[in-house]
Asker: 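After the structure tokens below, expect a handful of questions from me.
Computed from heavy atoms alone, side chains included, the values below leave out hydrogens, waters and symmetry copies. All values reported here derive from a predicted model rather than from experimental measurement.
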Amino acid sequence: MLAVAAVIAVLVSTKDPVTRPQVPPVADVLPSWPSGPVRVEPAPTQPSAIVADLPQVTGQAVVPEDTSRPARTTTARRTSAPAQNATAYRTTQAEEFDEQNGITVEADQTGPGRHVGFITTGDWVRYDNVGFTDVPATTLLISASNWAANNGTGEVELHLDNRSSAPIGTMTIPNNADWFTFTAYSMKIQPTTGVHTVYLTFTSKQTEEFGNVDWFRFQH
């Protein structure tokens, strides 16, 4: 019996071993769709630029000009503003002069106003910065009175900018026999625009005082 057992043991030890199939580890097996989610690998990314390596840009960005349509040009409407508030066309009181020679400012006898009086040959008054519009003035109105001896008269001349320049207008003050009765007389003048210094000069053939002036105003 011992011999038979020994033979069996030898046979068992020499028999080919049984080869088992290799099974991958459970952890490496992913469930297939639709039994579970599909794992998606992220796409490779490029490394971000280093700010220090970028060129530094300063200043204001330039917007390219739009050439899709022609540029529209607008021309401003030109208006003519009255020169120096058009002081020539408002009433200027004669006593509001900037300089005078020989005249006297006196009170009116018929009201609270004043005027220039005791005018004799060689007297004059000056008014600065008298403004005219672009439409030329052609007339000067002067409110004046005269009481000249022997029915004499007096002359008023208008000069611009220089008292010795040629007059641009001349007017005769007639005798009205009253120092304080003022009448508006009209003097035709050369067409005038711009801003000027205005001189009124006075002459007469007699040596006595011959007139008073209350106000003046230019007209177109």
Asker: At what distance, to the nearest 0.5 angstrom, does CD of Q100 lie from CD of E95?
Answerer: 12.0 Å

Asker: Checking T170 against L158 for the side-chain contact (heavy atoms from CB on, under 4.5 Å) test, could you report, in this order, the C-alpha distance in whole Å, the side-chain angles of both residues, the deciding distance, and whether it holds?
Answerer: CA-CA 6 Å; T170 302; L158 173 63; over 6 Å; no

Asker: Side-chain contact, heavy-atom cut-off 4.5 Å: V195 with V130?
Answerer: no

Asker: State, to 0.1 Å, how close F218 and A137 come at their nearest heavy-atom pair, and which atoms those are.
Answerer: CB-CB, 4.3 Å

Asker: Would you confirm whether T87, through its side chain, and G131, through its main-chain N or O, come within 3.5 Å as a donor-acceptor pair?
Answerer: yes

Asker: Just checking, any donor-acceptor pair under 3.5 angstrom between side chains of E106 and H115?
Answerer: yes

Asker: Please check if the distance between the ring centroids of Y199 and Y127 is under 6.0 Å.
Answerer: no

Asker: Walk me through it: do T172 and E155 pass the test side chain to side chain donor-acceptor pair (under 3.5 Å)?
Answerer: CA-CA 5 Å; T172 299; E155 302 289 332; 2.7 Å; yes

Asker: Step by step, work out the side-chain contact (heavy atoms from CB on, under 4.5 Å) result for F216 and L141.
Answerer: CA-CA 5 Å; F216 66 89; L141 294 181; over 6 Å; no

Asker: Compare all side-chain heavy atoms of V125 with those of I103 and state whether any distance is below 4.5 angstrom.
Answerer: yes

Asker: Please step through side-chain contact (heavy atoms from CB on, under 4.5 Å) for the pair N129 and T197, ending with a clear verdict.
Answerer: CA-CA 6 Å; N129 298 318; T197 298; 5.9 Å; no

Asker: Ignoring hydrogens and geometry, is there a side-chain-to-backbone donor-acceptor pair from D128 to D98 under 3.5 Å?
Answerer: no

Asker: Is atom CZ of R114 surrounded by more than 12 heavy atoms (other residues, nucleotides or ligands) closer than 6.0 Å?
Answerer: no

Asker: Kindly give the heavy-atom pair with the smallest separation between Y185 and I173, and that separation in Å.
Answerer: CE1-CG2, 4.5 Å

Asker: Strictly by modelled atom types, are E209 and T120 linked by a side-chain donor-acceptor pair under 3.5 Å?
Answerer: no

Asker: For S165 and N162, does a side-chain donor sit closer than 3.5 Å to a side-chain acceptor?
Answerer: no

Asker: Would you say the side chain of H196 lies within less than 4.5 Å of the side chain of F132, judging by non-hydrogen atoms?
Answerer: yes

Asker: Looking at CD of E157 and OG1 of T203, how far apart are the two atoms once the value is rounded to the nearest 0.5 Å?
Answerer: 5.0 Å

Asker: Is there a path of hydrophobic side-chain contacts, each under 4.5 Å between heavy atoms of I/L/V/M/F/W/Y residues, joining V105 to F182?
Answerer: no

Asker: How about T92 and R217: do any of their side-chain heavy atoms sit closer than 4.5 Å?
Answerer: no

Asker: Closest approach of S204 and T153, non-hydrogen atoms and distance?
Answerer: OG-O, 2.8 Å

Asker: CG/N101 to CG/D123 distance, rounded to the nearest 0.5 angstrom?
Answerer: 6.0 Å

Asker: Does W179, at its CH2 atom, have more than 12 non-hydrogen atoms belonging to other residues, nucleotides or ligands within less than 6.0 Å?
Answerer: yes

Asker: Hey, mind stepping through R163 and T201 against side-chain contact (heavy atoms from CB on, under 4.5 Å) and telling me if it holds?
Answerer: CA-CA 8 Å; R163 187 162 47 88; T201 62; 3.9 Å; yes

Asker: Less than 4.5 Å apart, any side-chain heavy atom of S145 and any of T183?
Answerer: no

Asker: So do the side chains of V156 and M187 get within less than 4.5 Å of each other, counting heavy atoms only?
Answerer: yes

Asker: Given side chains that start at C-beta, do those of E99 and W124 come closer than 4.5 Å, heavy atoms only?
Answerer: yes

Asker: Could you tell me whether the side chain of I142 reaches within less than 4.5 Å of the side chain of V213, counting heavy atoms only?
Answerer: yes

Asker: Looking at A184 and W215, what are the two nearest heavy atoms and their distance?
Answerer: CB-CH2, 4.1 Å

Asker: Determine whether the side chains of T138 and H220 contain a donor N or O and an acceptor N or O closer than 3.5 Å.
Answerer: no

Asker: What's the shortest heavy-atom distance between F180 and A107, and which atoms?
Answerer: CE2-O, 4.2 Å

Asker: Which atom pair, heavy atoms only, marks the closest approach of T192 to I168?
Answerer: OG1-CD1, 3.5 Å

